[in-house]
Number of protein chains: 2
Amino acid sequence: MEKVETGRTRKKRNTRQKAVVYQVVLDSNDHPTAEKVYERARRELPNISLGTVYRVLKELSQEGKIKEIIVNKQSHFEGRTDFHHHFICRACGKIEDVETPLCRYTCKKVEQKGYVVEDIEYKFYGLCSKCAQKLGKE
Amino acid sequence: MEKVETGRTRKKRNTRQKAVVYQVVLDSNDHPTAEKVYERARRELPNISLGTVYRVLKELSQEGKIKEIIVNKQSHFEGRTDFHHHFICRACGKIEDVETPLCRYTCKKVEQKGYVVEDIEYKFYGLCSKCAQKLGKE
DNA sequence: TATTAAATAATAACTGTTCCTTTTAAAAAA
DNA sequence: TTTTTTAAAAGGAACAGTTATTATTTAATA
């Protein structure tokens, strides 16, 4: 039997899994990977599956509620969604936020070529202060 | 029977495979992936293996003769090794070089925190001029 | 030319992620 | 409240890019 499509309110479920994953990212300030988020979410929801974590993380990113940053070909996530960038320590792997003004000069130059800039990503690689000290005063 | 280690010249073979892979990267201006380099290298050396291409590309990168850039968690390679950055079109996937002055302001700020900056990477995402036109004058 | 070990070809293994199928459960309807 | 509906979840298989393994080849040296 066909169902008449009313075109009205589409369902959009509000699941515990999504809420928990979101909260985990908001509560983390170490840019966790999906695996780490999974680990932490399981403390609250022991039966959550890794696939769900991946799907929800992607969803939240697309909704703009969290941000994905990719380091070493691996996704990391953070609750901060304002314009900022990252420093990655090659020794300990730590990812730290870096406040950088948008380089208007460069953007303008790119846009003059007819390009549309939608997102900008700066990454700084090197040694964090701790590792720099530890690895000797070169 | 033990061999006395003279500590003298270590062997370092100069293979056709390495020469060809290097030349392919130098001749390409489209930031090819390892697979693409493999494809092109095979025109010259039909029996070269993908594993060799990966190993040689890594070697050349470490020697500073080529540069690796990662887009969408996939490695791409280029012969240019001077300081420059990239624009990535989300529609056609094309990667284009972008000339950007080093942002001394930001670097200084990072270094004031005791960090050692060894490498900097800027990526601009959006639409290239062709795709921007094609996708309509929004 | 014979020797030797660095580099290769071929292929298996690995890793982070996505996809697929069945089941569950949130929300709408009865 | 109970039933129905179907979006989302669990579990696991599949996938893609890359790395590791091993027997073989070959460039460089003796």
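Model, not experiment: these values are computed from the prediction. Below, chain A is the first sequence line, B the second, and so on; all start at residue 1.
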Inset, instruction - Could you state the atom-to-atom distance from CG of B:L57 to C1' of D:dT19 in whole Å? - result: 14 Å

Inset, instruction - For C:dG16, take OP1 and OP2 only and decide whether either is under 4.0 Å from a side-chain N or O of A:S75. - result: no

Inset, instruction - Give a yes/no on whether any side-chain N or O of B:R55 is located under 4.0 angstrom from OP1 or OP2 of C:dA7. - result: no

Inset, instruction - May I ask you to check whether A:H86 and A:H76 place their ring centers less than 6.0 Å from one another? - result: no

Inset, instruction - Report, as yes or no, whether the 6.0 Å neighbourhood of atom CG on A:D82 holds more than 12 heavy atoms from other residues, nucleotides or ligands. - result: yes

Inset, instruction - Please tell me which of the listed nucleotides, D:dG17, C:dT17, D:dA10, lies nearest to the side chain of A:T52? - result: D:dA10

Inset, instruction - Round to a whole Å and report the spacing from CG of B:L50 to P of C:dA9. - result: 11 Å

Legend entry - Test side-chain contact (heavy atoms from CB on, under 4.5 Å) applied to A:K36 - qualifying residues, sequence neighbours left out: A:P32, A:T33, A:E39, A:R40

Inset, instruction - Answer yes or no: does a side-chain N or O of B:S49 lie under 4.0 Å from OP1 or OP2 of C:dT8? - result: no

Legend entry - N/O (side chain, B:Y54) to phosphate O (OP1/OP2, D:dT19) under 4.0 Å: no

Legend entry - Pair A:T100, B:K109: side-chain N/O donor-acceptor within cut-off below 3.5 Å: no

Inset, instruction - For A:K65, check side-chain contact (heavy atoms from CB on, under 4.5 Å) against everything at least two apart and list the hits. - result: A:Y22, A:L60, A:E63

Legend entry - Under-4.0 Å side-chain N/O to phosphate OP1/OP2 contact, A:K73 with D:dA16: no

Between the protein and nucleotides 23-26 of chain C, list the N/O to N/O atom pairs that are separated by less than 3.5 angstrom.
from   : atom 1 : to    : atom 2 : distance (Å)
C:dA26 : O4'    : A:R13 : NE     : 3.4

Inset, instruction - Let me know the distance between NZ of A:K36 and C1' of C:dT17, rounded to the nearest Å. - result: 18 Å

Inset, instruction - Find the distance B:R42:CZ to C:dA9:P and express it as a whole number of Å. - result: 11 Å

Inset, instruction - Please report, rounded to the nearest Å, how far the P atom of D:dT25 is from the CG atom of B:L45. - result: 16 Å

